[in-house]
Amino acid sequence: ALLLIVVGIVVLGGGALFQRTVTIETYVEESVQGLDVGSPVRYRGVKVGSVSQITFVGTAYNLRPDDPRYFQVGQLVTVRMKLDIDAVGGSSSGQELEAIMRRLVANGLRVTIKS
């Protein structure tokens, strides 16, 4: 029975237990209406991950209204995404992926929300 439960979890989970991911985040000034946790993250049309959390910067970083940064950045929306390391480039570690992402951002990569 225990073996059946484990096999069921792996089959229904689609192997997500063994998927290597890294979490990245971005900040958005405009509305994120239509974007939900679980929404796909695509790079040039290829699904490379999914949205894992949507919240305000103030909530994500526990900024209190008496903190001067609260009214500067506290009302921006934080969108956190889990990227599949293998889908993004098959790099062997999150650190390599971070280096790749930094280069892409330096070369103009920006997150856009599309319906």
Side-chain angles (χ1 to χ4, degrees):
L2 183 60
L3 180 62
L4 285 175
I5 291 172
V6 170
V7 169
I9 290 172
V10 170
V11 169
L12 294 176
L17 295 174
F18 305 108
Q19 187 177 32
R20 298 180 314 141
T21 62
V22 64
T23 300
I24 65 168
E25 67 183 20
T26 190
Y27 311 101
V28 182
E29 290 185 46
E30 66 268 5
S31 171
V32 293
Q33 183 173 346
L35 185 66
D36 293 309
V37 171
S39 293
V41 173
R42 298 185 186 278
Y43 178 64
R44 296 188 176 195
V46 177
K47 183 179 178 196
V48 294
S50 62
V51 174
S52 59
Q53 183 184 34
I54 303 171
T55 189
F56 290 104
V57 170
T59 303
Y61 291 100
N62 298 318
L63 294 179
R64 298 171 44 98
D66 60 344
D67 187 322
R69 298 172 297 172
Y70 183 81
F71 292 103
Q72 294 171 349
V73 297
Q75 298 304 304
L76 294 175
V77 177
T78 301
V79 179
R80 290 188 176 146
M81 301 156 273
K82 287 192 183 269
L83 299 184
D84 179 359
I85 291 174
D86 296 323
V88 175
S91 58
S92 60
S93 72
Q95 289 177 336
E96 287 180 23
L97 179 58
E98 181 179 344
I100 290 169
M101 294 300 293
R102 286 185 187 278
R103 275 184 274 153
L104 288 170
V105 168
N107 289 328
L109 176 69
R110 297 296 181 263
V111 172
T112 57
I113 299 173
K114 294 186 179 181
S115 58

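A quick note: this is a predicted structure, and the numbers were derived from the prediction, not measured.
Considering every non-hydrogen atom in both Ser31 and Ile113, the closest pair reads O-CD1, 4.5 Å. Nearest heavy atom pair, residue Gly38 against residue Ser50, reads O-CB, 4.0 Å. The shortest non-hydrogen separation linking Val37 to Ser52 is CG1-O, 3.7 Å. Across every non-hydrogen atom of Glu25 and Arg80, the tightest pair is OE1-NE, 2.6 Å. When every heavy atom of Asp36 is checked against every heavy atom of Val51, the shortest pair comes out as O-CB, 3.6 Å. Residues Val73 and Leu63 come closest through the heavy atom pair CG2-CD1, 4.2 Å.
If you take CG on Leu76 and OG1 on Thr78, they are separated by 7.5 Å, rounding to the nearest 0.5 Å. Distance check, rounded to the nearest 0.5 Å: CG of Leu83 to NZ of Lys47 gives 11.0 Å.
Within the 4.5 Å cutoff, the side chain of Tyr43 has heavy atoms near those of the Leu104 side chain. Two residues are said to be in side-chain contact when any heavy atoms from C-beta on lie closer than 4.5 Å; Val77 and Ile54 meet this criterion. Looking at Thr26 and Met81, their side chains come closer than 4.5 Å, going by heavy atoms from C-beta outward. Proximity of Val111 to Val79: side-chain heavy atoms (C-beta onward) are nowhere separated by under 4.5 Å. By the 4.5 Å heavy-atom criterion applied to side chains, Arg110 and Val105 are counted as neighbours.
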